[in-house]
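Notes for the one structure printed next.
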2 protein chains.
Amino acid sequence: MYNALFAHINRFIDLSTDEQDILASLLKSSSYKKKAYLHEAGETCRANYFVVKGCLRLYFIDIKGAEQTTQFAIENWWISDLTSFLFQKTSDFYIQAAEATDVIVIEHHHYDEIFEKLPRLEKYFRLIFQKLHQASQIRIKYLYSQTAEERYTNFNTLFPEFVQRIPQYMLASYLGFTPEFLSKIRARK
Amino acid sequence: MYNALFAHINRFIDLSTDEQDILASLLKSSSYKKKAYLHEAGETCRANYFVVKGCLRLYFIDIKGAEQTTQFAIENWWISDLTSFLFQKTSDFYIQAAEATDVIVIEHHHYDEIFEKLPRLEKYFRLIFQKLHQASQIRIKYLYSQTAEERYTNFNTLFPEFVQRIPQYMLASYLGFTPEFLSKIRARK
DNA sequence: CGGTCTCTTGACGGAGTTCAAAGCTAGTGG
DNA sequence: CCACTAGCTTTGAACTCCGTCAAGAGACCG
């Protein structure tokens, strides 16, 4: 049931079967259909999500009413609105299934408990957040150095299979431009 | 000597004097004049830096030859080119002192050792990277939802004292536009 | 097959860039 | 402590990348 997560954790630290059992008692798993919401703006983000299979996206609605996708999570990535999750404040973000998605869930009221009972998971999550921060540094660099067309071409070369999986309007906002403009870029080839 | 860091760590976890001594043996401290480089593009980033006093910035030179500042670090923040630091690969970034700056340094060859000898620091760095990732989420949201002028006005309201500390051309690139345009925004008031 | 998303296309407009030149400021050495 | 200089900021005109709006064509799901 939680094997995908255990396998992922074991890439970084060795977790005994006892520890796995304790962890299992603090997790939930859940499945969402395409377009289902795991979390909606206006609510408090109750959980941190690990994607077993499928794809989630984090987005908000800007002042003009347009959806802005700020993050994707595919297999073996964690996703949450951290500000809302950590401080249990009202969120501006939505978390939605971009495909039919299976997740493993840590709810907020178990988050601290996990680290109390399984202090060795501190290392695992230190490495996870380290990697997320590293990914953000790279992302910001691309945003600051490339034109819209270059970001699209570059993303397409780096993640050709992922581009096939999601609608173009999600990709357009993730790359920082409009769906119309993406359409025009594609027409130029 | 390392008191600023110990104080910061103690906000999150309790570190015994013994542990402080072990940690001290793995740290260095250092001071840089304004404009001095802690790390330059083309080299491998050898350290993770904690700012005791002053201000550092992380930037790269884009294809047109313009400096793009992607991150600042002031008192009690950590900064590094993580991709280069973690994998000891050649870096595209510079780390420069925006003011005269005192830092505490963890060099790469001690980074893993710190966690082996002081596993409780895993929690501290888990929380540090969690916070950095949370800051990135907020930053990306601002970049995707506001015009250049709004980002400037907003940043100015949130961090008025910080804006005084740095040259405008650094702030302009951090906010994602040119120094000329920043100047025009300011003229409009 | 009907309706609702999603993608495309084109005309127009505007936010922000580029380039160049001049004005200002702050650090440095004499 | 002043003068010089290099670096930073301002200004303006021309330009361009990308957004906006609107209308139509496809695609997908029930």
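All chains are named by letter (A, B, ...) in the order of the sequence lines, taking the proteins before the strands, and each is independently numbered beginning at 1. Remember, predicted model here, so these are calculated numbers, not experimental data.
- One finds no side-chain N or O of A/Lys184 lying less than 4.0 angstrom from the OP1 or OP2 phosphate oxygen of D/dC18.
- B/Ser84 and B/Thr44 form no side-chain donor-acceptor contact under 3.5 Å, judged by distance and modelled atom types alone.
- The nearest whole Å value for the distance from the CZ atom in B/Phe177 to the C1' atom in D/dC18 is 18 Å.
- Within residues 154-173 of chain B, no residue has any heavy atom closer than 4.0 Å to DNA chain C.
- Atom P of nucleotide C/dG10 and atom CZ of A/Phe181 are separated by 15 Å, given to the nearest angstrom.
- The distance from atom NZ of A/Lys34 to atom C1' of C/dT6 is 11 Å, rounded to the nearest whole Å.
- Using a cut-off of 4.0 Å between Lys/Arg side-chain N and Asp/Glu carboxylate O, A/Arg165 and A/Glu161 are scored as not salt-bridged.
- Aromatic pair B/Phe85/B/Tyr111: ring centres closer than 6.0 Å.
- Using a 4.0 Å heavy-atom cutoff across all strands shown, B/Lys35 reaches sugar-phosphate atoms only and no base atom.
- No hydrogens or angles considered: nothing links the side chains of B/Tyr49 and B/His39 as a donor-acceptor pair under 3.5 Å.
- Contact annotation: B/Arg186 side-chain N/O to D/dT9 OP1/OP2 distance is not under 4.0 Å.
- In this pair, A/Phe159 and A/Phe155 present their aromatic rings tilted. The plane angle is within the 30 to 60° band.
- Distance alone, capped at 3.5 Å, is enough to place a donor-acceptor pair between the B/Gln96 side chain and the B/Lys35 backbone.
- If you run side chain to side chain contact (heavy atoms under 4.5 Å, CB included) between B/Trp78 and each of B/Ile106, B/Val51, B/Ile104, only B/Ile106 comes through.
- Considering only side-chain N and O atoms, A/Thr178 lies under 4.0 angstrom from the phosphate OP1 or OP2 of D/dG19.
- Spacing between atom CG of A/Leu175 and atom P of D/dC18 amounts to 12 Å, rounded to whole angstrom units.
- Neither OP1 nor OP2 of D/dT9 sits under 4.0 Å from any side-chain N or O of B/Ser183.
- Picking from D/dT20, C/dT17, D/dC18 the nucleotide with the shortest atom distance to the side chain of A/Ala148 gives D/dC18.
- In this structure, B/Glu180 atom CD and D/dT16 atom C1' are separated by 16 Å, rounded to whole Å.
- Computed from coordinates, the B/Ile185 CD1 to D/dT11 P distance equals 13 Å when rounded to whole Å.
- For the ring-ring contact (aromatic ring centres under 6.0 Å, His included) criterion with A/Phe125, the lone passing option out of A/Phe115, A/Phe12, A/Phe50 is A/Phe115.
- Rounding to whole angstrom units, CD of residue A/Gln146 and C1' of D/dC18 are separated by 16 Å.
- Within the cation-pi definition used here (under 6.0 Å to the ring centroid, within 45° of the axis), A/Arg139 qualifies as a partner of A/Tyr174.
- Between the P atom of C/dT17 and the NZ atom of B/Lys64 lies a distance of 9 Å, rounded to the nearest Å.
- Rounded to 10°, the angle separating the first-five-pair axis and the last-five-pair axis of the helix from C/dC1-D/dG30 to C/dG30-D/dC1 equals 60°.
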